[in-house]
Chemist: 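Below you'll find the structure I mean.
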Amino acid sequence: MIDRDFVVLEDAMADDLSVVNSARVSFKQKSQELTTSDEALINFLMRERHGTPFEHNAFRFYIKCPVFVAREWFRHRVGSFNEVSGRYTELATRAYTPPAYDIRRQTGKPSSYMFEPMEDIASECAVDIIQESYSMSFDTYHDLLRMGVAKELARMVLPMGLFTEFYWTVNARSLMNFLSLRSAPNAQREIRIYADLVEDLFAEKMPVTYSAWVNNNRVAP
Ligand SMILES: Cc1cc2nc3c(=O)[nH]c(=O)nc-3n(C[C@H](O)[C@H](O)[C@H](O)COP(=O)(O)OP(=O)(O)OC[C@H]3O[C@@H](n4cnc5c(N)ncnc54)[C@H](O)[C@@H]3O)c2cc1C
C-alpha cells in the first residue's frame with residue numbers, strides 16, 4: 001500500500017502573502033497580511049497566467065515511492081532532486097504490490113487507454129505472481145552481494161516496483177504544473193495517489209493560491 005507517511009513535507013517557505021508581495025513590488029508596495037483585494041490579486045495572476053510571483057517560495061518534500069513512480073516524477077525538471085544511492089548503500093528490499101482490487105486490465109489505444117478491474121481470482125493470482133517475482137529478485141540481489149559483486153552491479157536485478165527515497169524541492173508554480181499533469185485522470189493511478197497527498201500539503205500552506213488554481217481549471221500559471 002502507499003502510505004500517507006510516504007509524502008512528508010519536511011520544510012516550507014511558502015505562503016500566499018509571498019505571491020502578493022512579489023507582484024506588488026512592481027508598485028513598490030508591500031502587504032503585511034492578506035486582504036480580500038490581495039486574494040483577488042492572486043486569482044487575477046492565476047487567471048492571466050502571470051506565473052513568476054508564484055515562484056518565490058519553496059517546498060521540501062521527502063518521498064518514498066516505487067522506482068517506476070520516481071521515474072515519472074523525475075521528468076519534472078523544474079525542481080531539485082536527491083535520491084538514495086544504490087551504489088553506496090545496500091538497498092532495502094521492499095517493493096510495491098498493488099492491492100488486488102487495483103490490479104487492472106488495459107484496453108483501447110495509446111492516448112485513449114481505459115483501465116478495468118480484473119476478476120477477483122485473476123487479480124489475486126497476479127498479486128501472488130508479483131510477490132513471487134520480487135522475492136526471486138531480492139534473493140538474487142543478496143546472493144550477488146554475498147559473492148562480493150559490487151552494489152552498483154547487483155542492483156541491476158532489482159524490480160521497478162522497489163521503493164526508493166528522495167528529496168524534492170520545488171516552488172508553487174512548478175508544483176501546480178506537477179499536480180495539473182499527475183493528478184489528471186490520464187496519469188498513472190500510482191503517481192496520482194502521490195500527487196493527491198502532495199496536493200493536500202500544498203493546499204494547507206497556500207490556501208488562497210490553491211483555491212485560485214482549482215478555480216482556474218487546475219492549470220499552472
Ligand atoms: C499522462 C502523461 C503521459 C506521459 N507520457 C510520456 C511518454 O510516453 N514519454 C515521455 O518521454 N514522457 C511522457 N510524459 C512526461 C512529459 O512529457 C513531461 O516530461 C513531464 O510531464 C514533465 O512535464 P513538464 O515538462 O511540464 O515539467 P517540468 O520539466 O517541471 O517543466 C515545467 C515547465 O517548464 C518549462 N520547461 C522546462 N524545460 C523546458 C525546456 N527544455 N524548454 C522549454 N520549456 C521548458 C515548460 O513550460 C514546462 O511545462 C508523460 C506525462 C504525463 C503526465
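Just so it is clear, the structure is predicted and the values come from calculations on it, not from any experiment. Hydrogens, waters and symmetry mates are skipped; everything else that's a heavy atom, side chains included, is used.
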Chemist: Could you walk me through whether V8 and I63 pass the side chain to side chain contact (heavy atoms under 4.5 Å, CB included) check?
Modeler: CA-CA 6 Å; V8 175; I63 309 292; over 6 Å; no

Chemist: Counting heavy atoms not belonging to R4, are there more than 12 under 6.0 Å from its CZ?
Modeler: no

Chemist: Tell me whether T89 contacts the main-chain N or O of S85 through its side chain, where contact means a donor paired with an acceptor under 3.5 Å.
Modeler: yes

Chemist: Drop me the distance from N21's CG to K30's NZ, to the nearest 0.5 angstrom.
Modeler: 6.0 Å

Chemist: For M136, does its backbone N or O pair with a side-chain atom of T140 as donor and acceptor, under 3.5 Å?
Modeler: yes

Chemist: Quick check against the 3.5 Å criterion: does Y141 have a side-chain atom that pairs as donor or acceptor with the backbone of L91?
Modeler: yes

Chemist: Any sub-3.5 Å donor-acceptor pair from N171's side-chain atoms to H56's backbone N or O?
Modeler: no

Chemist: Any side-chain heavy atom of R87 sitting closer than 4.5 Å to one from K151?
Modeler: no

Chemist: Could you go through the side chain to side chain contact (heavy atoms under 4.5 Å, CB included) check for F6 and F163 one step at a time?
Modeler: CA-CA 10 Å; F6 291 179; F163 277 100; 3.7 Å; yes

Chemist: Under 3.5 Å, side chain of R182 to main-chain N/O of E72, donor-acceptor pair present?
Modeler: yes

Chemist: Can you confirm whether or not the ring centre of W73 sits under 6.0 Å from the ring centre of F178?
Modeler: yes

Chemist: Can you confirm whether P159 sits close enough to F68 that some side-chain heavy atom of one is under 4.5 Å from a side-chain heavy atom of the other?
Modeler: no

Chemist: May I ask you to test the D200-V7 pair for a side-chain heavy-atom distance under 4.5 Å?
Modeler: no

Chemist: Any side-chain to backbone donor/acceptor pair from T169 onto S80? Under 3.5 Å, distance only.
Modeler: no

Chemist: Would you check if T97 and M1 make a side-chain contact, meaning some heavy-atom pair closer than 4.5 Å?
Modeler: no

Chemist: Under the side chain to side chain contact (heavy atoms under 4.5 Å, CB included) criterion, do L158 and V67 qualify, and how do the steps go?
Modeler: CA-CA 10 Å; L158 292 172; V67 167; over 6 Å; no

Chemist: Run M118 and E124 through side chain to side chain contact (heavy atoms under 4.5 Å, CB included) and show every step you take.
Modeler: CA-CA 9 Å; M118 292 180 75; E124 275 156 28; over 6 Å; no

Chemist: Do the charged groups of R146 and E90 touch, with an N to O distance under 4.0 Å?
Modeler: no

Chemist: Tell me, do R218 and E199 make a side-chain contact under 4.5 Å, heavy atoms counted?
Modeler: yes

Chemist: To the nearest 0.5 Å, what is the distance between CZ (F61) and OH (Y194)?
Modeler: 13.5 Å

Chemist: Would M13 end up clustered with V19 when hydrophobic side chains under 4.5 Å apart are linked, directly or stepwise?
Modeler: no

Chemist: Could you measure the distance from the CH2 atom of W213 to the CG atom of N177? Nearest 0.5 Å is fine.
Modeler: 10.0 Å

Chemist: Do L41 and F54 share a hydrophobic cluster (ILVMFWY, side-chain heavy atoms under 4.5 Å, transitive)?
Modeler: yes

Chemist: Is the backbone N or O of A23 less than 3.5 Å from a side-chain atom of S26, with the two atoms forming a donor-acceptor pair by type?
Modeler: yes

Chemist: Please examine the side chains of T209 and M176, heavy atoms only from C-beta on, and report whether any two atoms are closer than 4.5 Å.
Modeler: yes

Chemist: Do you know the tightest heavy-atom contact between L181 and H76?
Modeler: CD1-CE1, 3.8 Å

Chemist: Write down the atom of S31, the atom of D38, and the distance for their closest heavy-atom approach.
Modeler: OG-OD2, 3.2 Å

Chemist: Which residue pairs satisfy the ring-ring contact (aromatic ring centres under 6.0 Å, His included) criterion with at least one member in residues 88-119, sequence neighbours excluded?
Modeler: none

Chemist: Shortest non-hydrogen contact from D15 to M206?
Modeler: O-CE, 3.5 Å

Chemist: Between N217 and V219, is there a donor-acceptor pair closer than 3.5 Å when you use the side chain of the first and the backbone of the second?
Modeler: no

Chemist: If hydrophobic clusters are built by linking Ile, Leu, Val, Met, Phe, Trp and Tyr wherever their side-chain heavy atoms come under 4.5 Å apart, do F166 and M160 end up in the same one?
Modeler: yes

Chemist: I need the minimum non-hydrogen distance between D120 and S123, along with the two atoms involved.
Modeler: O-OG, 2.9 Å

Chemist: Can you confirm whether more than 12 heavy atoms, excluding those of Q29, are under 6.0 Å from its CD atom?
Modeler: yes

Chemist: Is it possible for you to say whether L197 and F74 belong to one hydrophobic cluster, with membership spreading through side-chain heavy-atom contacts below 4.5 Å?
Modeler: yes

Chemist: Under 3.5 Å, is there a donor-acceptor pair between the side chain of R47 and the main chain of F44?
Modeler: no

Chemist: I'd like to know if V84 and Y62 are part of one continuous hydrophobic network [Ile/Leu/Val/Met/Phe/Trp/Tyr, side-chain heavy atoms within less than 4.5 Å].
Modeler: no

Chemist: What distance do Y167 atom OH and D11 atom CG have between them, rounded to the nearest 0.5 Å?
Modeler: 10.0 Å

Chemist: Measure the spacing between CG of L162 and CZ of R94 and express it to the nearest 0.5 Å.
Modeler: 10.0 Å

Chemist: Please confirm whether the backbone N or O of Q131 pairs with a side-chain atom of S135, one donor and one acceptor, at under 3.5 Å?
Modeler: no

Chemist: Nearest 0.5 Å, please: how far is CD1 in I193 from CG in D3?
Modeler: 11.5 Å

Chemist: Is any side-chain heavy atom of Y210 closer than 4.5 Å to one of E204?
Modeler: no

Chemist: What heavy-atom pair brings A172 and N57 nearest, and what distance separates the two atoms?
Modeler: N-OD1, 2.7 Å

Chemist: Ignoring hydrogens, what is the shortest heavy-atom contact between G161 and P66? Give both atom names and the distance.
Modeler: O-CB, 3.7 Å

Chemist: Using side-chain heavy atoms (C-beta onward) and a distance below 4.5 Å, is V20 in contact with E39?
Modeler: no

